[in-house]
Amino acid sequence: MNKAGKLSSDASEKGDLRMPAKVDMDKIVSLCKRRGLVFPSSEIYGGLASCWDYGPMGVELKRNVRDAWWKAIVHERDDVVGLDTSIMMHPGVWAASGHIDSFTDPLVECKSCHLRWRADAIEGKGCPKCGGELTEPRMFNLMFKTSMGPVEEEASTIYLRPETAQGIFVNFDNVITTSRKKLPLGIAQIGKSFRNEITTGNFIFRTREFEHMELEYFVKPGTDEKWLDYWVKERFDWYVKLGIRKENLRLRQHGKDELAHYARDCYDIDYLFPMGWSELEGIANRGDFDLIQHAKHSGKELGYYDAEADEKYVPYVIEPSAGVDRSVLAFLIDAYDEEEIEGEKRTLLHLHRDLAPIKVAVLPLSRNEKLTPLAKEVFNKLCPNFVTDYDDSQSIGRRYRRQDEIGTPFCVTIDFESLEDKQVTIRERDSLAQIRVPIEELDKILEAKLKGEAFDASPLWATREK
Ligand code: GAP
C-alpha cells in the first residue's frame, strides 16, 4: 500500500498538469448536457430563455461550491455567523435600499425588429441585430414584481429579492443582540436572487434566477479600508485554493463613475471566461449606507454599542458578494482539459477533490457474477463516507472516460485477483497512476487522498493506465 504520508498541496501548487487550453463555451455546454451537469430549463417545452436546471452531477457540484464557501466563511471562523432569510420581503426594504429608484439599466428598443438591448452594452448607434434605429434609452428596473395575497392591487405588490444582502441588514439587530458577538462581525447568507436582466447569456454566467453567496462584514468606521483589503485577498485566495489558475484571475478596482449607489469603493475579481475577462465576484465597501437607510425608513435605531471603547456608532460594511452559478462555471472552465493517450482523446475535468461531484467510482472489471458481490460489498463500505458511484456497464476504458469527464478523482477497480488477494486498484484521475491496496484499508486510504495526501505510488506496484 501507499506509504506516502505527506500532505500534497492543491492543484495550483502541484505543478499544473493541465494545458493552458482556452475552451469555448459550446464545449462546456455540451459536456454539461452529456454528463448530467446542467440542462436547459423546461427543455421538453422548448426551453425558457436563460433558465437552467442542474442535473444529478450538477447538483452535487453546486452543493460542493456552496459548502466550500460556507466552510471557509462561516465554519472555519469565529467572527462570522450564518443566516437564511426570506426571498420575499417588505416592499419598504427596497425603497430604503435604493433598489426601487436606482436598480436600473438603460434600455433601448429597436424600432424595426423590436429587440431590446442594454444601452451601455452596445457599440454604435444602430440595433446590433438588424442595424435598425433605436429608441431613446429609458431606465428599466431589474426587480421582478409579483403580488402577495389574493388581491392584485398596488398595496400587495412585492419584489423577488435581487440580492440576499438586504435580508442580512434588516436582521443586523436581531443577530447582534442574540449572538452576543462583538464587532468585527460577519453575517453570511446563501440563497436565490432574481434579476430581470435585459441581456442574459453565456450559459449560466448571467441568468434571471441565480444563487448568491454573500457576506456582510460589519466593522468599526475607520477600519473599513483595512478590512476591504483583507477580504479582497481572502476571496482571491479561495478561488486559487480550489484549483483556479492564478493567471486566469485578476483584480480590478471600480472607477468612481462605476460604483453602485451604495458603494464607497469596490473591487471585482475577474475571471478569464471564454468571452473575455468578466466579473466573478465583487467586494464592496458599503460604508454605513444600508444601516442608515433602514434606520431612517423603519424608524428603528440600527447602531452598535462598542463596550470596549464605550462609544456608539453605525458600523461600516465590507461585502464580498459571489454567485454560485458563476463560480460553478469558472470552476468547470478552469478544470476542463483534453489530452491524447495513445492516439485516443481523453476529456477530463481536473476539479479540486472538494468540488468533484463524485469522489470515488467503484468499477468491477466486468459484470461477471463472481465479481459483482465483492464490488457491491466495496461500494456499500464506501458510500456512507464518500459520494460514490457504482458502474458496471460497458468496457472499463469507457467507464474511466465517463468518470474523467465529470472529474471523479479516484476509480476503484475490482478484478479477478481481488477475489483471491482481497486487494483492489485505485486509479488517480490526473496522473493515471494506479496503486493496489487491501480492501480492509481502502476507506482510510481514500479519506487521506481526498484530504490531499499525495498519490505517491510506490514504484514497486505503481503502474500507469495504458
Ligand atoms: N449585493 C451586491 C451584489 O449583488 P453584484 O455585483 O450585483 O453585487 C455579485 O453581484 C455577484 O453575483 C456577481 O459577481 C456574480 O457572481 C453574481 N451575479 C450577479 N448577477 C448575476 C446574474 N444575473 N446571473 C448570475 N450571477 C449573477
Side-chain angles (χ1 to χ4, degrees), residues 25 38 41 49-52 54 62 65-66 69 73 83 85 87 89 93-94 96-99 102-105 118 121 140-144 159-170 186-217 228 231-232 235-236 238-239 244 249-254 258-271 273 275 277-287 289-291 293 317-333:
M25 199 69 96
V38 184
S41 170
S50 95
C51 293
W52 301 91
Y54 288 80
K62 198 175 178 197
V65 169
R66 277 194 224 111
W69 187 89
I73 298 288
L83 201 63
T85 70
I87 287 174
M89 301 179 74
V93 169
W94 309 112
S97 67
H99 282 82
S102 309
F103 196 56
T104 52
D105 274 343
R118 249 179 74 169
F140 173 78
N141 196 293
L142 302 185
M143 282 196 294
F144 277 99
Y159 301 91
L160 300 187
R161 67 179 177 201
E163 60 174 19
T164 62
Q166 298 305 324
I168 297 179
F169 295 127
V170 300
I187 308 178
Q189 165 151 243
I190 299 180
K192 291 261 184 172
S193 291
F194 303 84
R195 296 181 183 182
N196 199 2
E197 303 277 4
I198 298 169
T199 34
T200 54
N202 288 313
F203 194 29
I204 51 174
F205 177 84
R206 192 185 305 284
T207 49
R208 296 196 172 102
E209 171 183 342
F210 63 98
E211 218 165 329
H212 255 135
M213 305 185 279
E214 298 198 288
L215 167 68
E216 308 303 321
Y217 195 75
L228 178 64
W231 279 108
V232 166
R235 296 301 305 142
F236 192 98
W238 183 78
Y239 292 104
I244 294 215
L249 291 169
R250 74 169 190 201
L251 274 180
R252 196 181 66 81
Q253 188 175 18
H254 281 206
E258 222 187 321
L259 289 173
H261 63 275
Y262 51 74
R264 304 166 70 93
D265 196 0
C266 186
Y267 286 85
D268 282 349
I269 299 175
D270 288 347
Y271 177 73
F273 287 96
M275 64 282 186
W277 287 103
S278 309
E279 176 187 336
L280 179 58
E281 165 163 355
I283 301 121
N285 180 350
R286 293 181 81 124
F289 177 85
D290 302 273
L291 290 182
Q293 283 295 105
V317 177
I318 306 302
E319 177 196 62
S321 172
V324 181
D325 315 76
R326 208 174 277 186
S327 301
V328 165
L329 182 59
F331 286 122
L332 282 172
I333 292 167

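Keep in mind it's a predicted model, so treat the numbers as computed, not measured. Whatever order the structure lists them in is the order used to number ligands and atoms, beginning at 1.
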Option with minimal heavy-atom separation from [atom], where the choices are [options]:
atom	options	answer
atom 20 (N) of ligand 1	Q166, R195, E281	R195
atom 10 (O) of ligand 1	E209, E214, H212	H212
atom 13 (C) of ligand 1	R286, E279, R208, M213	E279

Verdict with reasoning, M25 to M275, per side-chain contact (heavy atoms from CB on, under 4.5 Å): CA-CA 8 Å; M25 199 69 96; M275 64 282 186; 3.9 Å; yes
Heavy-atom gap D325 to ligand 1 smaller than 4.0 Å: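 No, that is not the case, since the closest heavy atom of the residue is not under 4.0 Å from the ligand.
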So which protein heavy atom does [atom] come closest to, and at what separation?
atom	value
atom 25 (C) of ligand 1	F205 O, 3.1 Å
atom 24 (N) of ligand 1	T207 N, 3.0 Å
atom 18 (N) of ligand 1	F210 CE1, 3.5 Å
atom 9 (C) of ligand 1	S321 OG, 3.1 Å

Geometric cation-pi criterion, R66 with W69: 6.0 Å, 45°: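 Because its charged atom misses either the 6.0 Å distance or the 45° angle limit, R66 does not stack over W69.
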Heavy-atom side-chain proximity of I73 to M213 below 4.5 angstrom: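 Counting from C-beta outward, I73 and M213 never come under 4.5 Å.
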Pairwise side-chain contact, F169 with V93, heavy-atom cut-off 4.5 Å (strictly under): no
Pairing residues for D268 by the side chain to side chain donor-acceptor pair (under 3.5 Å) criterion, not counting sequence neighbours: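 Checked D268 against side chain to side chain donor-acceptor pair (under 3.5 Å); matches are R252, H254.
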Give the atoms of ligand 1, by number and element, whose distance to some non-hydrogen atom of [X] is under 4.0 Å.
X	result
E319	1 (N), 2 (C)
E197	20 (N), 22 (C), 23 (N)
Y262	2 (C)

With sequence neighbours excluded, residues passing side chain to side chain contact (heavy atoms under 4.5 Å, CB included) with T164: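 Residues passing side chain to side chain contact (heavy atoms under 4.5 Å, CB included) with T164: R161, Q189, S193, H212, E214.
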Any donor-acceptor pair under 3.5 Å from H99 side chain to T104 backbone: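 No, because the side chain of H99 does not come within donor-acceptor range (under 3.5 Å) of the backbone of T104.
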R195 (side chain) donor-acceptor with P162 (main chain) under 3.5 angstrom: yes
Derivation of the side chain to side chain donor-acceptor pair (under 3.5 Å) call for Y262 and Q293: CA-CA 10 Å; Y262 51 74; Q293 283 295 105; over 6 Å; no
Polar proximity ligand 1 side, P162 side, N/O cut 3.5 Å exclusive: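 No, there is no polar N/O contact under 3.5 Å.
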Location of contacts on L280 toward ligand 1, heavy atoms closer than 4.0 Å: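 Just the backbone.
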